[in-house]
Amino acid sequence: MVIVALLSLSTSPDEETRALAADLGVTAYEAGQLVRGTLPSVVLRTPDGAKAEAIAAKLRARGQVALACSLAQVIASDAMPAVRGFRLEPDALVSEHQNGTSERLPWSEVRCAVKAVHHVSAQSVEVTHERTFDLNRAVITQGLSVTKDTKREAATQVAQREPVLYLFRKAGAPWLLAESQGRYGALGALVRPTRQENFTTLLRLIRERIPGVPWDERLVAMRARAETISSDFRGHQTSTSNASVTDLFAHVARLGSARLPPS
């Protein structure tokens, strides 16, 4: 599967909506949904690579920043090296593992940093059964059955917002930093009371060490569509996350980083 992503507009959304609707053979309303709002946006998914390249070329011919890429190139966040314990050295970010080993990411290897938010929600449904007196049943059955089973369902939903940073490197899977997973002792005197403050400090220190590297924060404002990641067979427990969609947009942002204006 190949996608066409629109990264930025040089014309008005209304103008591009009309042109894109004609390119895709969709209504102006449908095209407008793809053009308006926070970019990047996936305007086409197709198994036809040639068609994707042709649509991307038409977008670029109108002055838009667009590209086509294969979904096979996108690395899932759960397959990325996750940074928890760390050290900030002059020439590298060092990821320290609990088993005593470590990995180094030289600052010179970082090609793009993309800040985003993973939205995860979990819904559980508690089902209870109770027997209650049923006068009608008692009359109909002449006292043989005087109760009925009543089922009650109570739904509980918990939503979590997880700020993350993708560090795309010259080769290999990007490194992923997540606010709630970090161990911030290495910040020393800069350690603050909350994870949010510490994550913000860590990102500031990283950004200071890669001043010439594209730093993209567009995805922070994007509420990407969530997908079901687990569900029991009765539907009593369901978890959803937008991580896989955000991984895709982060990949797109990395590919287009050389063409995008600074954030």
Side-chain angles (χ1 to χ4, degrees), residues 1-77 112-121 123 157 159-164 166 168 214-229 231 238-263:
M1 186 67 67
V2 182
I3 61 122
V4 177
L6 174 63
L7 284 81
S8 69
L9 290 172
S10 64
T11 60
S12 71
D14 289 342
E15 183 178 345
E16 179 53 40
T17 291
R18 292 189 292 270
L20 185 62
D23 291 343
L24 300 179
V26 299
T27 66
Y29 174 79
E30 292 170 313
Q33 295 293 100
L34 303 173
V35 169
R36 294 183 174 86
T38 303
L39 299 178
S41 169
V42 173
V43 301
L44 178 67
R45 294 174 182 257
T46 176
D48 188 339
K51 178 180 179 180
E53 291 292 350
I55 294 296
K58 288 183 177 181
L59 284 162
R60 291 193 291 268
R62 294 194 290 270
Q64 322 306 5
V65 179
L67 55 85
C69 71
S70 170
L71 291 181
Q73 300 173 350
V74 180
I75 299 173
S77 53
C112 179
V114 179
K115 187 178 178 183
V117 177
H118 289 173
H119 294 272
V120 181
S121 65
Q123 177 174 295
Q157 184 160 332
Q160 294 181 324
R161 181 180 182 277
E162 177 75 288
V164 298
Y166 297 85
F168 288 90
W215 185 282
D216 196 318
E217 297 192 2
R218 291 170 177 79
L219 301 188
V220 172
M222 175 178 290
R223 186 64 181 264
R225 175 177 54 85
E227 299 178 342
T228 299
I229 55 177
S231 180
T238 303
S239 297
T240 62
S241 172
N242 73 344
S244 62
V245 181
T246 305
D247 295 341
L248 166 60
F249 283 120
H251 177 76
V252 167
R254 186 267 183 272
L255 293 179
S257 60
R259 310 178 200 180
L260 286 167
S263 59

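Worth knowing before you read on, the calculation uses all heavy atoms, side chains too, and leaves out hydrogens, waters and symmetry mates.
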Any idea which heavy atoms bring [X] and [Y] closest together, and the distance?
X    : Y    : answer
V2   : G49  : CG2-CA, 4.1 Å
L44  : A52  : CD2-CA, 4.3 Å
V42  : L34  : O-CD2, 3.6 Å
P40  : V252 : CB-CG1, 4.1 Å
H251 : C69  : CD2-SG, 4.1 Å
F249 : S41  : CE2-CA, 4.0 Å

Working to the nearest 0.5 Å, report the span between [atom1] of [X] and [atom2] of [Y].
X    : Y    : atom1 : atom2 : answer
R60  : L7   : CZ    : CG    : 10.5 Å
M222 : N242 : CE    : CG    : 10.0 Å
R36  : D14  : CZ    : CG    : 4.5 Å
L20  : K58  : CG    : NZ    : 10.0 Å
L59  : T11  : CG    : OG1   : 9.5 Å
Y166 : C112 : OH    : SG    : 12.0 Å

inquiry  = Assess the residue pair Q64 and L6 against the criterion (side chain to side chain contact (heavy atoms under 4.5 Å, CB included)); give the C-alpha distance rounded to whole Å, side-chain angles, the decisive distance to 0.1 Å, and a yes or no.
reply    = CA-CA 7 Å; Q64 322 306 5; L6 174 63; 3.7 Å; yes
[X] side chain near [Y] side chain, heavy-atom distance below 4.5 Å:
X    : Y    : answer
T246 : H118 : yes
H119 : S241 : no
R45  : L71  : yes
L39  : V65  : no

ask   = Does the side chain of T27 pick up a donor-acceptor pair with the side chain of E30 at under 3.5 Å?
value = yes
query = Can you list the residues that meet the side chain to side chain donor-acceptor pair (under 3.5 Å) rule with R62, with sequence neighbours excluded?
reply = E16, D23
inquiry  = Given 3.5 Å as the limit, does a donor-acceptor pair link the side chain of S257 with the main chain of P214, or not?
reply    = no
ask   = Is the backbone N or O of S77 less than 3.5 Å from a side-chain atom of D247, with the two atoms forming a donor-acceptor pair by type?
value = yes
message = Between V117 and V220, does the side chain to side chain contact (heavy atoms under 4.5 Å, CB included) criterion hold? Intermediate values first, please.
response = CA-CA 6 Å; V117 177; V220 172; 4.2 Å; yes
